[in-house]
Amino acid sequence: MKIIISPAKRMRVDTDSFACKGLPVFLDQAERLCERLRSMSGRELKALWRCNDQIAGLNIRRLEDMDLRRNLTPALLSYQGIQYQYMAPGVFTQAELDYVEEHLYILSGFYGLLRPFDGVTPYRLEMQAKLPVDGAADLYGFWGGAIAGEIFSRTDCVVNLASKEYSVCVSRHLPPGARLVTCVFGEEKNGRIVEKRTLCKMARGELVRFMAERQAGEPEALRSFDRLGYRFSPELSSVDTYVFVREPSGDK
């Protein structure tokens, strides 16, 4: 069983906490994307990234100095989003670190697919970015079935904790006989499940931590997840969709 999660926009450099254990499997493709981004003007990059001048300036400087093979940070520590805060890998035990090293993958528009201790450098490139490259109209076309192919060469069961923007890179290329179990976190309102983005990110990170603590070996182990007010709903779930329901509150 493998687990897939999304990356985060905010990234940091940490070359001291944990050692990197390798380079990304699709490093050649990442270097090609780096070349493509460097060929663009500052105005084009800002439009691609859909960000303000300050963030654009930071990432243009990163792009100019980018070295994909030196001074790298383990992917698991590089991302700083809400999901990663709730996962809190910096305080994992050795057994929990070993678990995520074996089971966890981070999907990336720039790197394609990352193992937790693959060395990365800060970048900005979301999977849904409209970046024509090598004859492909966008990154979905550029990556094609490569990401899913790599994952399913190592397992026939994946727990999906990624956003749809990223998970479609796997779900669109599901091989025959493979299982993709998508986890949904929401509140039940008027007979339907309403997902709140921030709470979903929190729950996804918390569930990765839960799985690492329990050393979960199959999706069925997730059904006992009971953190942040969520409970597994057998009535709303199916074989390939696990629904966790939280009591409605005033959160937005």
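Basis for what follows: all heavy atoms, side chains included, without hydrogens, waters or symmetry-related copies.
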When the aromatic ring centroids of Y242 and F232 are compared, is their separation below 6.0 Å?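 Yes, the ring centres sit under 6.0 Å apart.
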
Parallel, tilted or perpendicular: which one describes the rings of Y230 and F185, with boundaries at 30° and 60°?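 Y230 and F185: perpendicular rings.
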
Salt bridge (Lys or Arg N to Asp or Glu O under 4.0 Å) assessment of R179 paired with D240: CA-CA 7 Å; R179 185 183 181 194; D240 295 325; 3.7 Å; yes

Kindly indicate whether the side chain of [X], heavy atoms from C-beta on, has any atom under 4.5 Å from the side chain of [Y].
{"X": "D28", "Y": "E31", "result": "yes"}
{"X": "Q80", "Y": "M11", "result": "no"}
{"X": "I5", "Y": "M87", "result": "yes"}
{"X": "L199", "Y": "L228", "result": "no"}
{"X": "L174", "Y": "F152", "result": "yes"}
{"X": "C183", "Y": "L222", "result": "yes"}
{"X": "L104", "Y": "K2", "result": "no"}
{"X": "V170", "Y": "L180", "result": "yes"}

Main-chain N/O of [Y] paired with [X] side-chain donor or acceptor, under 3.5 Å:
{"X": "S237", "Y": "V243", "value": "yes"}
{"X": "S224", "Y": "A221", "value": "yes"}
{"X": "E44", "Y": "S41", "value": "yes"}
{"X": "R12", "Y": "L77", "value": "yes"}
{"X": "Y99", "Y": "A216", "value": "yes"}
{"X": "H173", "Y": "G144", "value": "yes"}
{"X": "H103", "Y": "M1", "value": "yes"}
{"X": "S153", "Y": "E150", "value": "yes"}

Check the pair L236, V245 against side chain to side chain contact (heavy atoms under 4.5 Å, CB included), reporting the backbone distance first and the verdict last. CA-CA 9 Å; L236 298 174; V245 179; 3.8 Å; yes

List the residues meeting side-chain contact (heavy atoms from CB on, under 4.5 Å) with I60, not counting sequence neighbours, and say none if there are none.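 Result, side-chain contact (heavy atoms from CB on, under 4.5 Å) vs I60: L45, W49, E64.
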
I'd like to know whether OH of Y140 has more than 12 heavy-atom contacts from other residues, nucleotides or ligands below 6.0 angstrom.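 Counting neighbours around OH of Y140, more than 12 heavy atoms of other residues, nucleotides or ligands fall under 6.0 Å, so yes.
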
Could you tell me whether D134 atom CG has more than 12 heavy atoms of other residues or ligands within 6.0 Å of it?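 Check passes, neighbour count above 12.
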
Starting from [Y], can I reach [X] by hopping between I/L/V/M/F/W/Y residues whose side chains sit under 4.5 Å apart?
{"X": "L63", "Y": "L33", "answer": "yes"}
{"X": "L97", "Y": "L114", "answer": "yes"}
{"X": "L37", "Y": "I55", "answer": "no"}
{"X": "V181", "Y": "V184", "answer": "no"}
{"X": "L161", "Y": "I193", "answer": "no"}

Electrostatic pair [X]:[Y] at N-O distance under 4.0 angstrom:
{"X": "E102", "Y": "R115", "answer": "no"}
{"X": "E206", "Y": "R209", "answer": "no"}
{"X": "E96", "Y": "R214", "answer": "no"}

Going through the checks in order, is the salt bridge (Lys or Arg N to Asp or Glu O under 4.0 Å) test met by R192 and E188? CA-CA 5 Å; R192 65 189 184 93; E188 191 171 5; over 6 Å; no

[atom1] of [X] to [atom2] of [Y]: how many Å apart, nearest 0.5 Å?
{"X": "C200", "Y": "L207", "atom1": "SG", "atom2": "CG", "result": "12.0 Å"}
{"X": "Y166", "Y": "I106", "atom1": "OH", "atom2": "CD1", "result": "11.5 Å"}
{"X": "M127", "Y": "S167", "atom1": "CE", "atom2": "OG", "result": "10.0 Å"}
{"X": "K201", "Y": "Q83", "atom1": "NZ", "atom2": "CD", "result": "8.5 Å"}
{"X": "I151", "Y": "I147", "atom1": "CD1", "atom2": "CD1", "result": "7.0 Å"}
{"X": "L107", "Y": "C169", "atom1": "CG", "atom2": "SG", "result": "6.5 Å"}

Among Y123, W143, F26, exactly one meets ring pair (Phe, Tyr, Trp, His ring centres under 6.0 Å) together with F110. Which residue is that?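 Between F110 and the candidates, ring pair (Phe, Tyr, Trp, His ring centres under 6.0 Å) is satisfied uniquely by Y123.
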
Report the C-alpha separation of R38 and E35 in whole Å, then their side-chain angles, then the decisive distance to 0.1 Å, and conclude whether the salt bridge (Lys or Arg N to Asp or Glu O under 4.0 Å) test is met. CA-CA 5 Å; R38 282 175 170 166; E35 292 174 4; over 6 Å; no

Given the rule in the side chain to side chain contact (heavy atoms under 4.5 Å, CB included) test, do R62 and D65 qualify, once you have shown the distances and angles that lead to the verdict? CA-CA 5 Å; R62 283 175 168 174; D65 298 333; over 6 Å; no

Side chain to side chain contact (heavy atoms under 4.5 Å, CB included) for L76 and F18? Distances and angles first, verdict last. CA-CA 10 Å; L76 193 63; F18 295 114; over 6 Å; no

NZ or CZ of R231 within 45° of F225 ring axis and under 6.0 Å: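 Because its charged atom misses either the 6.0 Å distance or the 45° angle limit, R231 does not stack over F225.
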
Do the side-chain N and O atoms of S6 and S163 include a donor-acceptor pair separated by under 3.5 angstrom?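 Yes, S163 and S6 have a side-chain donor paired with an acceptor closer than 3.5 Å.
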
Yes or no on side chain to side chain contact (heavy atoms under 4.5 Å, CB included) for E126 and K9, after CA distance, side-chain angles and deciding distance? CA-CA 8 Å; E126 296 178 64; K9 290 181 182 179; 3.1 Å; yes

Testing the basics here: between S108 and Y111, what is the closest heavy-atom pair and its distance to 0.1 Å?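 Taking every non-hydrogen atom into account, OG-N, 2.9 Å.
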
